S.K.: 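Once you've had a glance at the structure underneath, I'll fire off some questions.
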Amino acid sequence: MSKRILVLDDNQDILDIVHETLTYEQFEVKSTSNSLEVLPLMEQFLPDLVILDYRVSGTTGGEICKSIKLHSKFNNIPVIIFSAYLNSDDHLLNYGCDGVINKPFDLSELVEKVNNLIKAV
């Protein structure tokens, strides 16, 4: 059975590239550009890993990550945060995420980080 990945990014181009890349790597991918859909989609889709853009309208990927990590059903699901705005990964790691990818990013870095975190699940 394919591992499931939920991706949030409000940049449709990035969302499309990440979705296509991870689908090509044999993952089942659900994508959204709406931060309010993340937790409801987690309930329906039951992902094995979540990728969140840090800067999204209405909130931050960090706050969503914190909500995931505080949720009794989802707190063990690895979360990666994308960011083009921070010079230090430490700030993002304080939200409880399991990995950080700085934008712009290399698709091979994305696939490697996803594979390493999914194997740990």
Side-chain angles (χ1 to χ4, degrees):
M1 187 160 129
S2 298
K3 295 286 188 173
R4 298 169 172 225
I5 300 175
L6 177 61
V7 183
L8 166 70
D9 200 307
D10 55 4
N11 179 320
Q12 192 61 48
D13 292 336
I14 292 174
L15 204 59
D16 291 345
I17 288 170
V18 169
H19 188 106
E20 186 176 317
T21 299
L22 295 174
T23 300
Y24 178 80
E25 294 291 325
Q26 307 301 311
F27 294 108
E28 189 177 338
V29 183
K30 178 91 54 184
S31 302
T32 183
S33 58
N34 183 341
S35 61
L36 298 175
E37 290 181 350
V38 172
L39 288 174
L41 279 173
M42 288 189 72
E43 289 283 351
Q44 296 167 6
F45 186 59
L46 302 173
D48 296 292
L49 181 124
V50 178
I51 301 174
L52 304 169
D53 183 21
Y54 182 72
R55 284 257 172 110
V56 289
S57 61
T59 187
T60 68
E63 291 302 318
I64 297 169
C65 177
K66 204 186 292 185
S67 296
I68 292 169
K69 293 301 184 175
L70 291 172
H71 195 289
S72 61
K73 187 174 178 183
F74 303 130
N75 60 8
N76 62 339
I77 296 173
V79 176
I80 296 172
I81 296 180
F82 285 143
S83 178
Y85 302 99
L86 298 171
N87 295 330
S88 165
D89 294 352
D90 293 342
H91 174 73
L92 294 177
L93 293 172
N94 289 335
Y95 289 107
C97 67
D98 301 276
V100 174
I101 295 178
N102 293 307
K103 289 181 179 177
F105 56 89
D106 186 282
L107 291 174
S108 61
E109 175 193 5
L110 169 70
V111 170
E112 181 181 335
K113 203 159 270 199
V114 165
N115 279 322
N116 287 339
L117 287 171
I118 278 203
K119 284 179 189 164
V121 175

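Owing to the predicted nature of the structure, the values given are computational and were not obtained by experimental measurement. Positions are given from 1 along the sequence.
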S.K.: Do you know the tightest heavy-atom contact between Gly61 and Val56?
M.R.: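 Minimum heavy-atom separation between Gly61 and Val56: N-CG2, 4.3 Å.
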S.K.: Among Ile81, Leu70, Leu93, whose side chain to side chain contact (heavy atoms under 4.5 Å, CB included) with Cys65 holds?
M.R.: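 Single side chain to side chain contact (heavy atoms under 4.5 Å, CB included) partner of Cys65 among Ile81, Leu70, Leu93: Ile81.
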S.K.: With a 4.0 Å cut-off, would you call Asp98 and Lys69 a salt bridge?
M.R.: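 A salt bridge is present here (some side-chain N lies under 4.0 Å from a carboxylate O).
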S.K.: Roughly how far, to the nearest 0.5 Å, is the CG atom of Leu6 from the CD atom of Gln44?
M.R.: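 Going from the CD atom of Gln44 to the CG atom of Leu6 covers 10.0 Å.
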S.K.: Enter the distance from Leu22:CG to Ser2:OG here, rounded to the nearest 0.5 Å.
M.R.: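 Going from the CG atom of Leu22 to the OG atom of Ser2 covers 12.0 Å.
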S.K.: Between atom CZ of Phe105 and atom CD1 of Ile80, what is the distance when rounded to the nearest 0.5 Å?
M.R.: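 If I round to the nearest 0.5 Å, the distance is 10.0 Å.
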S.K.: Hydrophobic clustering (ILVMFWY, side-chain heavy atoms < 4.5 Å, transitive) - are Leu46 and Met42 grouped together?
M.R.: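 Met42 clusters together with Leu46.
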S.K.: Got a donor-acceptor contact below 3.5 angstrom from the Lys113 side chain to the Val100 backbone?
M.R.: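 At least one qualifying donor-acceptor pair exists.
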S.K.: Within the 4.5 Å heavy-atom criterion, are Asp53 and Lys103 side-chain neighbours or not?
M.R.: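 Yes - at least one pair of side-chain heavy atoms lies under 4.5 Å apart.
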S.K.: What distance separates Ile64 CD1 from Glu37 CD, expressed to the nearest 0.5 Å?
M.R.: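 Those atoms lie 11.0 Å apart.
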S.K.: Show me the donor-acceptor pairs, under 3.5 Å and distance only, between side chains in residues 10-17 and residues at least two apart or in other chains.
M.R.:
| residue | atom | partner | partner atom | Å |
| --- | --- | --- | --- | --- |
| Asn11 | OD1 | Asp13 | N | 2.9 |
| Asn11 | OD1 | Ile14 | N | 3.2 |
| Gln12 | NE2 | Asp16 | OD1 | 2.8 |

S.K.: Starting at CD of Glu25, measure out to CD1 of Ile118 and round the result to the nearest 0.5 Å.
M.R.: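 Interatomic distance, Glu25 CD to Ile118 CD1, rounded to 0.5 Å: 11.0 Å.
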S.K.: Can you confirm whether the side chains of Asp106 and Ser108 place a donor and an acceptor under 3.5 Å from each other?
M.R.: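 A donor-acceptor contact under 3.5 Å links the two side chains.
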S.K.: At their closest point, which heavy atom of Val29 faces which heavy atom of Phe45, and how far apart are they?
M.R.: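 Distance-wise, the nearest heavy atoms are C-CZ, 4.1 Å.
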S.K.: Closest approach of Ser57 and Ser35, non-hydrogen atoms and distance?
M.R.: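 Heavy atoms only, the tightest pair is O-OG, 3.2 Å.
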